[in-house]
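Have a look at the structure below, then the notes.
By convention in this document, chain letters (A, B, ...) are assigned in the order of the sequence lines, proteins followed by strands, and residues within each chain are numbered from 1.
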Protein chains: 2
Amino acid sequence: MTTAPREIEELIELMAKLPGLGPRSARRAVLYLIRKRGILLHPLADAMHAVAATARECITCGNVTTTEVCEICSSQKRAIGEICVVEDVADLWAMERAGMFKGRYHVLGGTLSALDAIGPDDLRIPRLVRRVADEGITEVILALNATIDGQTTAHYIAEELEGRCAVTSLAQGVPVGGELDYLDDGTISAALRARKAL
Amino acid sequence: MTTAPREIEELIELMAKLPGLGPRSARRAVLYLIRKRGILLHPLADAMHAVAATARECITCGNVTTTEVCEICSSQKRAIGEICVVEDVADLWAMERAGMFKGRYHVLGGTLSALDAIGPDDLRIPRLVRRVADEGITEVILALNATIDGQTTAHYIAEELEGRCAVTSLAQGVPVGGELDYLDDGTISAALRARKAL
């Protein structure tokens with residue numbers, strides 16, 4: 001609660017709904033926006049309208065896009081036969097920043113979760129199974145989060161695709177630059193089990 | 001950097017300029033906005049346009065307002081003769097949330113700073129001196145941050161107003177709910193110097 005005019009009050013309330021912003025940082029952000037009205041507030045409002053008008057889901061993979069089929073799915077340079085399965089678009093972006101994977105993606109839109117009553121049909125799992133058959137996929141790489149729900153989902157998908165194509169998942173181990181003393185026991189155990197000959 | 005469409009890329013870049021949001025949280029916020037398009041993205045863009053069109057500075061105190069004179073300055077219920085001086089609008093809102101002060105405000109718009117070459121004329125200090133004379137002010141309460149620059153500014157204002165009205169400042173001491181063990185030495189010393197009879 002502030003004593004600001006109604007318009008500003010409303011903007012603060014909406015900003016506070018963004019992930020990573022609470023009421024206090026929303027107030028700070030709005031005051032900053034008002035100070036930077038010309039170079040930030042107007043452009044931001046315009047950019048939001050533009051995204052609201054154009055953003056949509058890729059009908060193939062579920063990536064966010066402004067065209068019917070996303071840039072990655074429609075690119076001729078992408079390797080055929082490999083699909084990387086991610087939970088959401090942020091994970092797809094993270095994979096692309098790493099720049100190693102040259103195939104196409106499939107965005108599940110979440111993970112299986114008994115607690116939240118999310119089953120396979122609530123995700124893009126049936127569509128993944130169809131793509132594997134239709135696109136002649138030889139390998140599905142599961143890049144799901146190393147959480148309970150992520151791993152449950154990975155196992156479910158691996159079972160669904162059994163006999164249709166190879167199913168692999170990201171290696172678990174010590175992160176690059178990671179110090180053993182700061183790692184949790186589970187990571188160290190996993191890295192030990194997956195040890196490699198030098 | 002992501003592989004998102006240009007419109008989304010632009011929105012992420014603008015969002016990342018907000019205080020409290022870095023590139024990573026900006027990406028998360030934008031994906032969240034796209035998912036909540038109807039209930040959040042459209043309303044947020046509209047609210048930003050509304051604020052951009054209406055927000056202005058109160059010509060008396062410097063508060064943010066949508067009218068020429070802000071609600072507090074034009075209120076008949078506010079005590080006459082007392083001005084609380086704050087660095088910026090966020091501090092004014094903080095004072096109002098505390099709900100104790102019944103007078104009017106004066107927003108300096110920053111603090112004196114030799115390092116950033118900010119002098120009295122860059123702040124609303126001359127206007128404060130004029131208000132003290134014009135409005136028959138008897139007490140100016142300095143509610144500036146307990147930083148070096150804040151306290152330098154407080155001393156400067158106290159000198160400017162000497163002989164014109166009483167100048168007081170917020171008490172320094174142990175915060176309500178504060179534990180001594182977690183307080184810095186300066187605060188404990190200040191609280192000890194300002195000790196009171198029970």
If you look only at distance, which donor and acceptor atoms sit under 3.5 Å apart when one is on a side chain in residues 31-43 of chain A and the other is two or more places apart or in another chain?
from    : atom 1 : to      : atom 2 : distance (Å)
A:Arg37 : NH1    : B:Ala52 : O      : 3.1
A:Arg37 : NH1    : B:Ala55 : O      : 2.7
A:Arg37 : NH2    : B:Ala55 : O      : 2.7

Can you give the donor-acceptor pairs under 3.5 Å from side chains of residues 14-26 of chain B to other protein atoms, not counting sequence neighbours?
from    : atom 1 : to      : atom 2 : distance (Å)
B:Ser25 : OG     : B:Gly22 : N      : 2.9
B:Ser25 : OG     : B:Gly22 : O      : 3.4

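A distance of 12.5 Å separates CZ of B:Arg28 from CH2 of A:Trp93, quoted to the nearest 0.5 Å. Atoms CD and CE, on A:Glu7 and B:Met48 in that order, are 14.5 Å from each other to the nearest 0.5 Å.
By the neighbour-count criterion of 12 heavy atoms within 6.0 Å, atom CG of A:Leu192 is densely surrounded, having more than that number from other residues, nucleotides or ligands. Heavy atoms from other residues, nucleotides or ligands lying under 6.0 Å from CG of A:Asp134 number more than 12. Residue B:Ile188 qualifies as enclosed at atom CD1: its count of foreign heavy atoms under 6.0 Å is above 12.
Proximity to chain B involves both the backbone and the side chain of A:Asp46, based on heavy atoms less than 4.5 angstrom apart.
When the candidates B:His49, B:Glu57, B:Glu10, B:Glu71 are compared by the number of heavy-atom contacts under 4.5 Å with chain A, B:His49 comes out ahead.
Considering only heavy atoms from C-beta on, B:Thr54 stays 4.5 Å or farther from A:Ile8 through its side chain.
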